[in-house]
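Ligands are counted one by one from 1 in listed order, and the atoms in each one are counted from 1 as well. Because only heavy atoms are used, hydrogens play no part in the values below, and waters and symmetry mates are left out as well, while side chains stay in.
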Amino acid sequence: MPQFGGGKKCGRCDKSVYANEEIIAAGTSFHKRGCFTCRDCNKSLDSKTVAERKENNEIYCKACYGRSFGPKGYGYGGGAGALTNTGI
Ligand SMILES: [Zn+2]
Ligand SMILES: [Zn+2]
């Protein structure tokens with residue numbers, strides 16, 4: 001039996017999310033207020049600033065996302081280019 005009673009769970013606080021307080025990103029429901037935050041730095045996000053990572057159904061701010069998952073070598077001056085083999 002499903003252990004949640006028909007409601008969705010917030011990806012941040014794990015409590016039920018109702019439609020009027022729900023925002024969906026990365027395939028996960030979050031509370032619009034308080035829980036739609038970067039996983040790494042807890043910064044508040046909105047539909048313009050969120051960076052979704054569908055691989056783990058998590059959301060990040062652009063800065064944290066770029067730092068963790070961005071193109072290798074992007075924004076890092078002085079690198080030898082050893083990691084830039086994506087060809088983008
Ligand atoms: Zn929540
Ligand atoms: Zn962040």
- Where the Zn ion (ligand 2) is the vertex, angle from Cys64 SG to Cys61 SG to 10°: 100°
Show me the donor-acceptor pairs within less than 3.5 Å that the side chains of residues 18-26 make with the rest of the protein, sequence neighbours left out.
unit_1: Glu21; atom_1: OE2; unit_2: Tyr18; atom_2: N; d: 3.2
unit_1: Glu22; atom_1: OE2; unit_2: Lys8; atom_2: NZ; d: 3.2
unit_1: Glu22; atom_1: OE2; unit_2: Ser29; atom_2: OG; d: 2.6

Nearest non-hydrogen partners of [X] and [Y], listed with the distance:
{"X": "Ala51", "Y": "Cys61", "answer": "CB-O, 4.1 Å"}
{"X": "Asp14", "Y": "Lys9", "answer": "O-CD, 3.2 Å"}
{"X": "Gly11", "Y": "Glu58", "answer": "O-OE2, 4.2 Å"}

- Item | Qualifying ring pair (Phe, Tyr, Trp, His ring centres under 6.0 Å) pairs with a residue from residues 34-64, counting only residues at least two apart or across chains | Phe30-Phe36, Tyr60-Phe69
- Taking only residues at least two apart or on different chains, which pairs with a member in residues 37-46 satisfy side chain to side chain donor-acceptor pair (under 3.5 Å)? Arg12-Thr37, Asp46-Thr49
- Protein N, O or S atoms less than 2.8 Å from the Zn ion (ligand 1), ignoring waters? Cys10 SG, Cys13 SG, His31 ND1, Cys35 SG
